[in-house]
Amino acid sequence: MLFFKENALLDTLYKIRSVTSRKDLQELLFDDLRLEEEAIMQLDWNVIQSLVPLYHSTTLNTLLRWRDAK
């Protein structure tokens, strides 16, 4: 199965180095990238959780922490 939206988000965030706080990540997602929170929350988070370890990215680990705090 292909997960274009999930992969696009992870690839985009992977290119952005070292976002370590949930607040900074939220500003990045919604202010800088102008994404909608509703659209982010509708993604398949099981897929995202399985892919994040493959990237070895601080920013993507912060994304998972941000999601867990929701």
Side-chain angles (χ1 to χ4, degrees):
M1 188 172 244
L2 299 174
F3 299 97
F4 294 114
K5 293 176 186 176
E6 290 80 4
N7 285 342
L9 176 65
L10 295 180
D11 288 348
T12 299
L13 293 177
Y14 177 75
K15 296 175 188 175
I16 300 169
R17 302 262 183 228
S18 298
V19 175
T20 57
S21 78
R22 291 189 314 247
K23 180 183 179 225
D24 288 344
L25 181 79
Q26 190 163 317
E27 287 176 9
L28 172 65
L29 291 173
F30 306 125
D31 296 339
D32 298 340
L33 298 176
R34 298 182 183 186
L35 300 173
E36 297 290 330
E37 184 170 359
E38 184 178 318
I40 297 291
M41 300 308 284
Q42 290 178 357
L43 295 174
D44 187 337
W45 283 90
N46 291 324
V47 169
I48 291 172
Q49 284 183 305
S50 68
L51 292 176
V52 164
L54 302 175
Y55 284 87
H56 303 287
S57 167
T58 301
T59 302
L60 295 181
N61 288 327
T62 305
L63 175 67
L64 291 179
R65 287 196 334 268
W66 173 81
R67 171 61 168 89
D68 290 342
K70 286 289 178 184

Exercise for the section: Mind checking the CG-CG spacing from L29 to L25? Nearest 0.5 Å is all I need. Expected result: 4.5 Å
Practice task
Could you check if a side-chain atom of T62 sits within less than 4.5 angstrom of a side-chain atom of L13, using non-hydrogen atoms only?
Solution key: no
Problem - CH2 on W45 to CG on L51, rounded to 0.5 Å - result: 11.5 Å
Fill in the blank from the handout: In this structure, OG of S21 is separated from CG of L28 (nearest 0.5 Å) by 10.0 Å
Problem - Q26 and E37: CA distance, side-chain angles, deciding distance, side-chain contact (heavy atoms from CB on, under 4.5 Å) verdict - result: CA-CA 9 Å; Q26 190 163 317; E37 184 170 359; 5.6 Å; no
Exercise for the section: Apply side-chain contact (heavy atoms from CB on, under 4.5 Å) to Q49 and R67, showing your working. Expected result: CA-CA 10 Å; Q49 284 183 305; R67 171 61 168 89; over 6 Å; no
Practice task
Mark yes or no for whether S57, through its side chain, and Y14, through its backbone, hold a donor-acceptor pair below 3.5 Å.
Solution key: no
Fill in the blank from the handout: Value for CD (E6) from CD1 (I48), rounded to nearest 0.5 Å, stands at 5.5 Å
Handout entry: Min side-chain heavy-atom separation D11-Y55 under 4.5 Å
Key = yes
Fill in the blank from the handout: For S50 and V47 the tightest heavy-atom approach is OG-O, 2.8 Å
Practice task
Keeping the roles fixed (side chain from T59, backbone from I16), state whether a donor-acceptor pair exists under 3.5 Å.
Solution key: yes
Problem - Chi angles and distances behind the side-chain contact (heavy atoms from CB on, under 4.5 Å) call for W66, I40 - result: CA-CA 11 Å; W66 173 81; I40 297 291; 3.8 Å; yes
Practice task
State the CG-CG distance between L10 and L63, to the nearest 0.5 angstrom.
Solution key: 7.0 Å
Exercise for the section: Using a 4.5 Å cut-off on heavy atoms from C-beta on, say whether the side chain of Q42 contacts that of K5. Expected result: no
Practice task
Write down the atom of M41, the atom of K70, and the distance for their closest heavy-atom approach.
Solution key: CE-CB, 3.9 Å
